[in-house]
**Student:** 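Handing you this structure, nothing more for now.
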Amino acid sequence: MKSTIDLSVLNEPQRHAVEHLKGPTLVLAGAGSGKTRVLTHKIAYLVSRGIKPWRILAVTFTNRAAREMAGRVEKLLNIPVQSLWIGTFHSICVRILRREAERWGLSRNFTIYDRDDQLAIVKKALKEMGGQQDNLTPGHLLHIIGKAKSDFVSPDEFDSFLSGPNKRLITDIYLRYEKLLKAAVAFDFDDLLARPVDMFTKHPDTLKEWQKRFSHILVDEYQDTNHTQYLLMKMLSGGSGNVTVVGDDDQSIYSWRGANVRNILEFETDFTKAATFRLEQNYRSTGIILKAANAVVAHNENRFVKKLWTERSHGAPVKILECLDDRDEAARVVDSVEQEMKEHVYSPKDFIVLYRTNAQSRSFEDVLRRRGIKYMIVGGVRFYQRKEIKDILAYLKIIVNPDDTVSFTRAVSVPKRGIGAKTIEKLEKFASEKGISIVEAAARVEEVISSGAILKKLKKFSEILQSISEMRGKTGLDEIGHALVEKTRYKDYLIEEYPDTFEDRTNNVNELITAMGEFENITEEDDLSSFLGEISLMTDVDMWDEDEGCVTLMTLHSAKGLEFPSVYIAGVEKGLFPLPKSFDSDAELEEERRLFYVGMTRAEERLHISYAENRMRFGGFSSGGASMFVNELPDDGLEFEEINTTYKLSNTLKNQPVRRPMEFEDYSQEGPDYGDAPFEIGAFVRHPVFGRGRVAGYSGSGDKLTLTIHFGTQTKKIRAKFGKLVPA
DNA sequence: AGATACTCTGTTTTT
DNA sequence: CAGAGTATCT
């Protein structure tokens with residue numbers, strides 16, 4: 001399977017990074033500098049040099065990236081390469097765990113618990129430990145547990161890993177949590193990574209085999225790996241030492257999830273004789289966009305300083321949209337999208353709207369829908385997180401893993417069967433006494449419960465499970481799905497329970513069944529467990545189809561690794577981005593800034609940044625205004641489009657294309673205080689409350705300026721708090 | 001066991 | 001404001 005790979009399309013550092021086949025390799029790749037290109041070419045190059053595809057392990061950040069990478073490698077090689085090991089850390093670990101389960105004394109039919117499942121377990125543990133203590137919420141506990149697991153803190157070290165008065169209690173809950181997981185034959189997300197590391201430590205012989213298997217390891221987005229992932233990578237590459245990591249410390253945005261930037265910062269000292277390649281030429285963005293992004297991220301202290309450059313022309317200015325409130329923001333962003341579609345050759349799919357929090361999508365959704373523009377929201381309620389989907393999956397999960405109590409509890413209660421907490425508790429107790437699974441306990445219900453009605457209902461439930469179980473392995477997955485929905489009369493349940501939304505929900509169920517039918521099993525597992533394993537690791541970005549012809553909306557986090565001709569970053573405002581909480585520490589604030597940087601560098605041709613003066617949030621509104629990040633943008637190449645449109649016409653500012661937003665404070669009236677004005681006498685201004693006016697005079701100076709403004713017939717004194725006026 | 005009415009609480013980001 | 005959790009009723 002030899003073919004030659006054309007490396008002439010690469011620039012010099014890219015080519016050197018590709019050709020450097022032996023030993024640890026660090027590729028510091030700035031945004032848009034072609035890191036994916038380096039990775040795909042390196043893989044293809046390795047194969048062309050005779051390395052067997054199945055001896056190459058490539059780790060990506062999302063399943064989507066894995067899929068794309070595989071596609072690009074195939075294109076380069078012009079042959080299919082199914083045997084390549086490519087996927088996220090999580091999906092690769094699942095494959096390893098299933099293969100090694102028996103030798104490691106684990107079950108291969110484990111369930112993967114998502115956050116909701118984890119929450120159920122931790123609540124149970126908390127309850128058993130005497131209920132909730134002050135400030136020890138289930139979410140908080142999960143955070144601690146997750147942190148320990150992603151730092152690879154062992155159970156014995158856990159105690160010293162903690163500090164504070166609740167130390168003992170947290171440890172107890174943690175141990176109980178682990179027990180419950182074990183009893184349910186389930187792994188949480190962090191276990192998927194930690195277990196293999198743990199097992200490789202205890203079983204060096206199996207580790208040796210895997211080390212021998214992988215002659216080359218490549219890791220993408222290395223700046224967002226956590227300690228456990230680092231250990232795993234180091235272990236697996238221990239044999240050959242041929243490990244290539246690619247990343248950009250400026251794009252590290254997942255430390256809250258346990259990612260450790262130190263992994264990339266200390267790679268060179270950690271892997272001796274590491275070769276480092278820097279990719280600093282940006283091919284994605286226009287000069288202005290790149291300059292703006294560079295200027296913003298330069299405010300961070302803790303980083304490798306690099307100089308990203310481009311040969312591209314300057315391009316259009318970065319546009320700042322100042323808006324009244326979130327609805328106004330959505331309207332103006334969509335206005336701008338429509339205008340750009342008209343003026344340029346853009347189609348809906350060329351646009352992306354990015355925001356800090358999922359909740360912000362709503363106002364955009366409203367406007368887009370009203371104007372009949374096709375759009376797609378990525379993230380938010382993920383498909384496999386929807387209630388109706390999780391209901392169906394719960395049945396499938398207990399068929400694969402009858403010990404999965406969380407799924408059992410869910411399945412047995414939808415559709416409502418009149419089986420409640422008490423009954424489930426009894427079954428659980430019986431199961432643990434007899435050493436049988438909870439599903440089996442339900443089948444032997446007559447040994448547990450005497451009540452006729454409940455007995456009958458549980459029998460019926462067991463029969464459904466039984467009949468579906470029998471189909472396993474004999475028919476297509478979609479037929480199993482159909483039968484399940486049929487037998488549980490799930491659609492009737494939806495109609496009854498959700499009269500308003502049952503149509504959407506039914507569609508989702510149908511979509512799930514379709515997905516089951518289309519599922520292609522690439523592992524040697526049975527179809528059902530492999531399907532379940534894969535979809536638990538699926539995210540919305542993985543399913544997103546970029547060719548739909550829609551305007552896309554997603555969070556800044558989800559946008560990592562993507563690029564679009566025209567990008568809108570919404571809600572770059574005080575109190576929202578950076579989130580107030582991030583002022584706790586420089587590290588957090590810098591991460592917010594990197595997130596902004598990631599957003600900016602998604603843009604190829606046009607970048608827009610918007611913020612609102614007021615935003616609807618939990619009932620009331622809160623005031624915002626330009627974020628500190630807006631003020632970090634360089635003056636060159638910015639264009640403000642303000643609430644006060646008359647402003648632009650004002651002669652006094654004709655030669656000042658760049659202006660900071662200014663704040664107004666009106667002490668003479670109550671109500672929203674915002675607006676802006678030049679302080680020259682005679683200038684036109686518009687005040688949100690009083691409307692259009694003309695400056696008649698002013699007193700004071702600096703940021704304590706009082707303007708006298710004629711609003712038609714009435715004259716008002718308005719105190720204006722200016723930022724600074726920036727000369728052209 | 002489940003429905004209803006109420007309070008509380010919390011609001012990042014996600015493999 | 002919405003979703004979760006709790007108390008109280010049927």
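Order of the sequence lines sets the chain letters (A, B, ...), proteins ahead of strands, with each chain counted from 1.
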**Student:** Would you check if Leu192(A) and Lys149(A) make a side-chain contact, meaning some heavy-atom pair closer than 4.5 Å?
**Tutor:** no
**Student:** Nearest to the Thr357(A) side chain among dG5(C), dT12(B), dT14(B), which nucleotide is it?
**Tutor:** dT12(B)
**Student:** Find the distance Glu592(A):CD to dT13(B):C1' and express it as a whole number of Å.
**Tutor:** 8 Å
**Student:** Need to verify one output field. Residue with the more 5' nearest nucleotide on DNA chain B, Ile419(A) or Arg356(A)?
**Tutor:** Ile419(A)
**Student:** Taking the side chain of Arg362(A) as its heavy atoms from C-beta onward, which of dT14(B), dA2(C), dA1(B) lies nearest to it?
**Tutor:** dA2(C)
**Student:** Please state how far atom CD1 in Ile253(A) lies from atom P in dT13(B), giving the value in whole angstrom units.
**Tutor:** 13 Å
**Student:** Could you state the atom-to-atom distance from NE2 of His557(A) to P of dT12(B) in whole Å?
**Tutor:** 12 Å
**Student:** Between Lys581(A) and Gln118(A), which has a closest nucleotide on DNA chain B that is more 5'?
**Tutor:** Lys581(A)
**Student:** Parallel, tilted or perpendicular: which fits the ring planes of Tyr254(A) and Phe61(A), with parallel below 30° and perpendicular above 60°?
**Tutor:** tilted
**Student:** Atom CG of Leu589(A) and atom P of dT13(B): how far apart are they, to the nearest Å?
**Tutor:** 18 Å
**Student:** Using OP1 and OP2 only, check whether a side-chain N or O of Ser558(A) sits under 4.0 Å from dT13(B).
**Tutor:** no
**Student:** Look at the aromatic rings of Tyr355(A) and Phe364(A) and report parallel, tilted or perpendicular, splitting at 30° and 60°.
**Tutor:** parallel
**Student:** Roughly how far apart, to the nearest Å, are dT11(B) and dT6(C) at atom P?
**Tutor:** 16 Å
**Student:** Parallel, tilted or perpendicular: which one describes the rings of Phe531(A) and Phe519(A), with boundaries at 30° and 60°?
**Tutor:** perpendicular
**Student:** For dT15(B), does either OP1 or OP2 sit under 4.0 Å from a side-chain N or O belonging to Ser91(A)?
**Tutor:** no
**Student:** One thing to verify: whether Arg108(A) and Glu100(A) come together as a salt bridge, which I'm taking to mean a side-chain N less than 4.0 angstrom from a carboxylate O.
**Tutor:** no
**Student:** In this structure, how many angstroms lie between the P atom of dT14(B) and the CD atom of Gln251(A), rounded?
**Tutor:** 17 Å
**Student:** Please tell me which of the listed nucleotides, dT15(B), dT13(B), dA1(B), lies nearest to the side chain of Phe189(A)?
**Tutor:** dT15(B)
**Student:** Take the protein atom CD of Glu221(A) and the nucleotide atom P of dT15(B), then report the distance between them rounded to whole Å.
**Tutor:** 13 Å
**Student:** Measure from the side chain of Asn358(A), starting at C-beta and using heavy atoms only, and say which of dG5(C), dT15(B), dT13(B) lies closest.
**Tutor:** dT13(B)
**Student:** Return the value, rounded to whole Å, for the distance between atom CG of Leu458(A) and atom C1' of dA1(B).
**Tutor:** 13 Å
**Student:** In terms of side-chain heavy atoms of Lys416(A), which of dA3(B), dT14(B), dA2(C) is nearest?
**Tutor:** dA3(B)
**Student:** In whole Å, what is the span from the CG atom of Leu595(A) to the P atom of dT14(B)?
**Tutor:** 10 Å
**Student:** Please indicate yes or no: is the ring centre of Trp256(A) less than 5.5 Å from the centre of the six-membered base ring of dT13(B), with the two planes inclined by under 30 degrees?
**Tutor:** yes
**Student:** Check every strand shown and say whether Leu537(A) touches a base, only sugar-phosphate, or nothing at a heavy-atom separation below 4.0 Å.
**Tutor:** nothing
**Student:** Is Arg417(A) touching bases, backbone alone, or none of the nucleic acid, heavy atoms closer than 4.0 Å?
**Tutor:** sugar-phosphate
**Student:** Categorize Lys123(A) for me: base, sugar-phosphate, or nothing, with a 4.0 angstrom heavy-atom threshold over every strand shown.
**Tutor:** sugar-phosphate
**Student:** Between Phe267(A) and Tyr230(A), does the ring-ring contact (aromatic ring centres under 6.0 Å, His included) criterion hold? Intermediate values first, please.
**Tutor:** CA-CA 10 Å; Phe267(A) 186 86; Tyr230(A) 158 83; 8.7 Å; no
